[in-house]
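Values in this document were obtained by computation on a predicted structure and should not be read as measured data.
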Amino acid sequence: MPLTLLVVEDDPAIALALVDHFEAEGYGVVHALTGEDALTLLQRYHPHLVLADITLPYMDGYELVRRLRKLPAY
């Protein structure tokens, strides 16, 4: 089973490039457009690594990481 990455990126071109690159390297990749979406996907996919943009809409990457660190599994 491949390692799973969660890419949190609101720019479609950057997100596509990241997803394509990591999938080509053999990783399982899940993509979220916002920090809120990322928090939902964390519960579903339990990724090994979260790669988050700092300038996300509604919740920036820093706030996403603060919330992620409060989750017992992380």
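To the nearest 0.5 Å, atoms CG (Asp37) and CG (Asp10) are separated by 11.0 Å. Atom CG of Leu56 and atom OG1 of Thr34 lie 7.5 Å apart (nearest 0.5 Å). Taking CG from Leu39 and CD from Glu63, the interatomic distance works out to 9.0 Å, rounded to the nearest 0.5 Å. Rounded to the nearest 0.5 Å, atoms CG (Leu5) and OH (Tyr27) are 6.5 Å apart. With rounding to the nearest 0.5 angstrom, the CD1 atom of Ile14 is 7.0 Å from the CG atom of Asp53. The line from CG of Leu6 to NE2 of His31 is 8.5 Å long, rounded to the nearest 0.5 Å.
At a threshold of 4.5 Å between side-chain heavy atoms, the hydrophobic network of Ile, Leu, Val, Met, Phe, Trp and Tyr places Leu68 and Ile54 in two separate groups. Under the 4.5 Å side-chain heavy-atom criterion for grouping Ile, Leu, Val, Met, Phe, Trp and Tyr, Val7 is connected to Leu49 within one hydrophobic cluster. Met59 and Tyr74 end up in the same hydrophobic cluster when Ile, Leu, Val, Met, Phe, Trp and Tyr side chains are linked at under 4.5 Å. Both Leu42 and Val8 are members of a single hydrophobic cluster when ILVMFWY side chains are connected at heavy-atom separations under 4.5 Å. Under a hydrophobic clustering in which Ile, Leu, Val, Met, Phe, Trp and Tyr are joined whenever their side-chain heavy atoms come within less than 4.5 Å, directly or via other members, Leu41 and Val65 fall into different clusters.
Every residue two or more places apart in sequence or in another chain that forms a side chain to side chain donor-acceptor pair (under 3.5 Å) with Glu36 is listed here: Arg67.
Residues Pro2 and Gly28 share a closest heavy-atom pair of CB-N, 3.9 Å. In plain terms, the two heavy atoms of Pro57 and Leu33 that are nearest each other are CD-O, 4.2 Å.
Residues Val19 and Glu9 form no side-chain contact, since every pair of their non-hydrogen atoms from C-beta on lies 4.5 Å or further apart. Proximity of Leu51 to Phe22: side-chain heavy atoms (C-beta onward) are separated by under 4.5 Å at one or more points.
Within a 6.0 Å radius of OH in Tyr62, other residues, nucleotides and ligands contribute 12 heavy atoms or fewer.
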